[in-house]
Number of protein chains: 2
Amino acid sequence: MATESMSLLGLEKTSLRQQALAALRRAITTGEIAPGTHLVETELSETLQISRGTLREAMRQLQQEGLISAGPRGRLSVRHLDAKEICDIFAVRAALESLAARELCALEDRAQVIKELRRALEEMDRASKDGLEERIEADLNFHRTLCGLTGNETLLHSWGSLEGNIRMSIMFAGFERAAQNMSVKRHGEIVDAIETGDAAKASEAITEHMDGAAKVLVG
Amino acid sequence: MATESMSLLGLEKTSLRQQALAALRRAITTGEIAPGTHLVETELSETLQISRGTLREAMRQLQQEGLISAGPRGRLSVRHLDAKEICDIFAVRAALESLAARELCALEDRAQVIKELRRALEEMDRASKDGLEERIEADLNFHRTLCGLTGNETLLHSWGSLEGNIRMSIMFAGFERAAQNMSVKRHGEIVDAIETGDAAKASEAITEHMDGAAKVLVG
DNA sequence: AACATGGCAACTGTCAACAGTCTTGCTTCC
DNA sequence: GGAAGCAAGACTGTTGACAGTTGCCATGTT
């Protein structure tokens, strides 16, 4: 029933659970489903055309990511972020990315790393002419790349767990406002610092960048 | 069927899923289930006396925590840690706890915080005469408290997601070896630094502590 | 009108069964 | 004797149904 037309091209055959997970994550982080909304399993399973069991598995993952939280009677609802929580999220994010920058600075051969980072920068530059959503994607991609290039899987995993919350923060504050802090210049400084191997400077640049981002988002 | 004798006292009525989650987490982090072991749903569900559906939900959470990883065909197996991964885990841990220390230093009134931390220290001291496992629990409790006292839920959540990996690292390296790095003195220095509000020193103390811990575990 | 009460509807927790796929070992044919 | 094919087994993906609990609403009582 679920093995028909897909995978005609390189389309990885994705399980229904993963599809549901992606769909829900998107719907939540874009605000399509408003914060605080009570997620009723029976409704959602009908909407997504999947069974409750499969849906519940996806919900557990979202819960672990902090996008939805459990109420009294096992009731799950979309997490609501206030200003303080956004600051908290960005503080943790800063700590993680600062670690990433320091680890990259400690590498012997940073040539390849720098190359990848500059590629991500170019992508941001290209996206700066496009819509807000493209810019946000490019920005997140840059930071994800930063963490991924360290080769520290735990770091990348932790950052990934935070990504949903970051997206919610951006959505909560409004995309226009969020875009203020995504200048290619600021990010270039980070790359420059890493290129010269100046760990302190790179760490500082990131911390400041995140501080600024949080301040802009909170208003 | 599951609503019999429990909750006679303050025993929170825990869902089967949560029980299974706790049982599995314990079994994995103590090495009862060896790293690399392929977790067969049908077997486990029979062992734990729960249905596969319920078990699968618990497995998703463990997967998100990084205790089990997915293989080719959706096969789940207990994660195997090598030396590098242990170092990586402790690097992330250091970044998180360092943030915690800095946030605590930034508080106006640290009296209550210090009181709680000293209480955790005392507990460690008391446990130092007990078995290795008690000492490890007391140690983890201290660090968890450190993160919890910041009031930064995201930080605490991230640390919690790492806790399983930390336990696996300790188990992997052997409890005796791990216990070397749990002196009350070292932890006291951290608390002292926080008491004086010296963020740099507190951060430094934690980073060094974690560095030492990783080195002891690996080498 | 305020209040107790009995029953109904809404949800979540849990389970057993079906379907599809990959592996494996055996059989059969050249 | 070896290789292609075939059939059985082992697991995971997914589903629909049943059970228990909570909250609400209508109904009757004082």
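Note that this is a predicted model, so its numbers are computed, not measured.
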- [ ] Could you list by number each residue of residues 40-48 of chain A showing a heavy-atom separation from DNA chain C of less than 4.0 Å, or answer none if no residue does?
- [x]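 Contacts with DNA chain C under 4.0 Å: A/Val40, A/Glu41, A/Thr42.
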Task: Integer-rounded Å distance: C/dT12 P and B/Gln18 CD - done: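 After rounding, the reported distance stands at 15 Å.
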TODO: Return the value, rounded to whole Å, for the distance between atom CG of A/Leu16 and atom P of D/dT14.
DONE: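 Roughly 4 Å, once rounded to whole Å.
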- [ ] For side-chain contact (heavy atoms from CB on, under 4.5 Å), just list the numbers for B/Val218 and B/Cys87, CA-CA rounded to whole Å, side-chain angles, deciding distance to a tenth of an Å, and then say yes or no.
- [x] CA-CA 8 Å; B/Val218 169; B/Cys87 287; 3.7 Å; yes
- [ ] Scan residues 14-38 of chain A for pairs that pass salt bridge (Lys or Arg N to Asp or Glu O under 4.0 Å), counting only residues two or more places apart or in two chains.
- [x]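 Residue pairs with at least one partner in residues 14-38 of chain A: A/Arg17-A/Glu57, A/Arg25-A/Glu65, A/Arg26-A/Glu32.
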- [ ] Can you tell me which residue pairs pass the salt bridge (Lys or Arg N to Asp or Glu O under 4.0 Å) test with a partner in residues 170-181 of chain A, sequence neighbours excluded?
- [x]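 Every candidate salt bridge (Lys or Arg N to Asp or Glu O under 4.0 Å) pair involving residues 170-181 of chain A fails, so no pair, neighbours aside, qualifies.
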Task: Shortest side-chain distance from A/Ser15, nucleotide among D/dT14, C/dC15, C/dG13 - done: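 Nearest to the side chain of A/Ser15 among the choices is D/dT14.
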Open item on the list: Five pairs per end, C1' atoms only: what is the angle between the end axes of the helix from C/dA1-D/dT30 to C/dC30-D/dG1, to 10 degrees?
Closed with: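 Result, rounded to 10 degrees: 20°.
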Kindly state each residue pair satisfying ring pair (Phe, Tyr, Trp, His ring centres under 6.0 Å) with at least one member in [range], sequence neighbours excluded.
range: residues 122-152 of chain A; answer: A/Phe142-A/His187, A/His143-A/His187, A/His143-A/His209
range: residues 104-127 of chain A; answer: none
range: residues 38-65 of chain A; answer: none

Open item on the list: B/Arg118: which residues meet the side chain to side chain donor-acceptor pair (under 3.5 Å) condition with it, sequence neighbours left out?
Closed with: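 B/Arg118 satisfies side chain to side chain donor-acceptor pair (under 3.5 Å) with B/Asp192, B/Glu195 once adjacent residues are dropped.
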Open item on the list: Regarding A/Leu39, tell me which of base, sugar-phosphate or nothing describes its non-hydrogen contacts under 4.0 Å with the strands shown.
Closed with: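 Sugar-phosphate: the residue A/Leu39, judged by heavy atoms under 4.0 Å, touches backbone atoms but no base.
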N/O donor-acceptor pairs under 3.5 Å from side chains in residues 166-173 of chain B, not counting sequence neighbours:
{"unit_1": "B/Arg167", "atom_1": "NH1", "unit_2": "B/Glu163", "atom_2": "OE2", "d": "2.4"}
{"unit_1": "B/Arg167", "atom_1": "NH2", "unit_2": "B/Glu137", "atom_2": "OE1", "d": "2.7"}
{"unit_1": "B/Arg167", "atom_1": "NH2", "unit_2": "B/Glu137", "atom_2": "OE2", "d": "2.3"}
{"unit_1": "B/Ser169", "atom_1": "OG", "unit_2": "B/Asn165", "atom_2": "O", "d": "2.9"}

Task: Any A/His38 side-chain N or O less than 4.0 Å from OP1/OP2 of C/dT12 - done: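 So the side-chain polar atoms of A/His38 do come within 4.0 Å of the phosphate oxygens OP1 or OP2 of C/dT12, strictly under.
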Open item on the list: When you measure from the side-chain N and O atoms of B/Ser51 to the phosphate of C/dT14, is any distance below 4.0 Å, counting only OP1 and OP2?
Closed with: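 It does not, given that no N or O in the side chain of B/Ser51 lies less than 4.0 Å from OP1 or OP2 of C/dT14.
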- [ ] Tell me yes or no: between the side chains of A/Ser161 and A/Ser158, is some donor less than 3.5 Å from an acceptor?
- [x]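 No.
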Open item on the list: Can you list, in residue-number order, the parts of residues 63-75 of chain B that come under 4.0 Å of DNA chain D, counting heavy atoms only?
Closed with: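 Going residue by residue through residues 63-75 of chain B, the ones with a heavy atom under 4.0 Å of DNA chain D turn out to be B/Arg73, B/Gly74, B/Arg75.
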Task: Of residues 52-59 of chain B, the positions that come close to DNA chain D - non-hydrogen atoms, cut-off under 4.0 Å - done: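 B/Arg52, B/Arg56 - these, ordered by number, are the residues of the stretch whose heavy atoms sit under 4.0 Å from the strand.
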TODO: Kindly say whether B/Ile194 contributes a backbone atom to a donor-acceptor pair with the side chain of B/Arg110 at under 3.5 angstrom?
DONE: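 Checked: pair present.
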TODO: Check side chain to side chain contact (heavy atoms under 4.5 Å, CB included) between B/Asp130 and all other residues, then give those that pass, not counting sequence neighbours.
DONE: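 Applying side chain to side chain contact (heavy atoms under 4.5 Å, CB included) to B/Asp130 gives B/Glu134.
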- [ ] Salt-bridge test for A/Arg135 and A/Asp139: reply yes if a basic N is under 4.0 Å from a carboxylate O, no otherwise.
- [x]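 So A/Arg135 does not pair with A/Asp139 through a salt bridge.
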Open item on the list: Taking A/Glu123 first and then A/Arg119, would you say they form a salt bridge - that is, a charged N and a carboxylate O separated by under 4.0 Å?
Closed with: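 No.
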